[in-house]
Amino acid sequence: MLDLALGVLIVLTFAGATMAVVLRKVFHNLLGFGLSLVGLAGISLILGSEFVALMQLLIFLGGI
């Protein structure tokens with residue numbers, strides 16, 4: 001089950017990163033960037049680093 005969750009988060013991260021690079025409108029780029037950061041925070045949670053995940057969401061997504 002944990003492998004499935006990790007796979008979903010990896011796909012989410014890559015999809016968000018692709019959106020941030022490929023799309024033309026700035027708002028859509030920001031949505032893709034936020035999506036990739038949420039995926040990275042989820043991966044950090046699975047790996048057992050709750051503090052890093054929380055700080056990533058607060059600092060980076062708060063900046064957007």
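Numbers here simply count residues along the sequence, with the first being 1. The analysis underlying the following values was restricted to heavy atoms, covering all of them including side chains, and did not include hydrogens, waters or symmetry mates.
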Student: State the CE-OG distance between M55 and S49, to the nearest 0.5 angstrom.
Tutor: 10.5 Å
Student: Verify the cluster assignment for F33 and V11: are they in a single hydrophobic cluster under the rule of side-chain heavy atoms below 4.5 Å apart?
Tutor: no
Student: Quick one: pull up CG in L47 and CG in L6 and give me the separation to the nearest 0.5 Å.
Tutor: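 Answer rounded to 0.5 Å: 7.0 Å.
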Student: Give the cluster check for L12 versus M19: same hydrophobic cluster or not, with ILVMFWY residues linked at side-chain heavy-atom distances below 4.5 Å.
Tutor: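 Both belong to a single hydrophobic cluster.
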Student: Do you reckon I46 sits in the same ILVMFWY cluster as L4, going by side-chain contacts under 4.5 Å, direct or chained?
Tutor: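 No: no chain of side-chain contacts under 4.5 Å links I46 to L4.
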Student: Please report the closest heavy-atom contact between A41 and A53, naming both atoms and the distance.
Tutor: O-CB, 3.4 Å
Student: V38, F60: one ILVMFWY side-chain cluster at the under-4.5 Å cut-off?
Tutor: yes
Student: Can you give me the closest heavy-atom contact between G16 and L35, atom names plus distance?
Tutor: CA-CD2, 3.9 Å
Student: Between L31, N29, L30, which is the residue that forms a side chain to side chain contact (heavy atoms under 4.5 Å, CB included) with L23?
Tutor: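 Testing each of L31, N29, L30 against L23, the sole residue satisfying side chain to side chain contact (heavy atoms under 4.5 Å, CB included) is N29.
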Student: I'd like to know if I59 and L54 are part of one continuous hydrophobic network [Ile/Leu/Val/Met/Phe/Trp/Tyr, side-chain heavy atoms within less than 4.5 Å].
Tutor: yes
Student: How far apart are the closest heavy atoms of S36 and T13, and which atoms are they?
Tutor: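 That would be CB-O, 3.5 Å.
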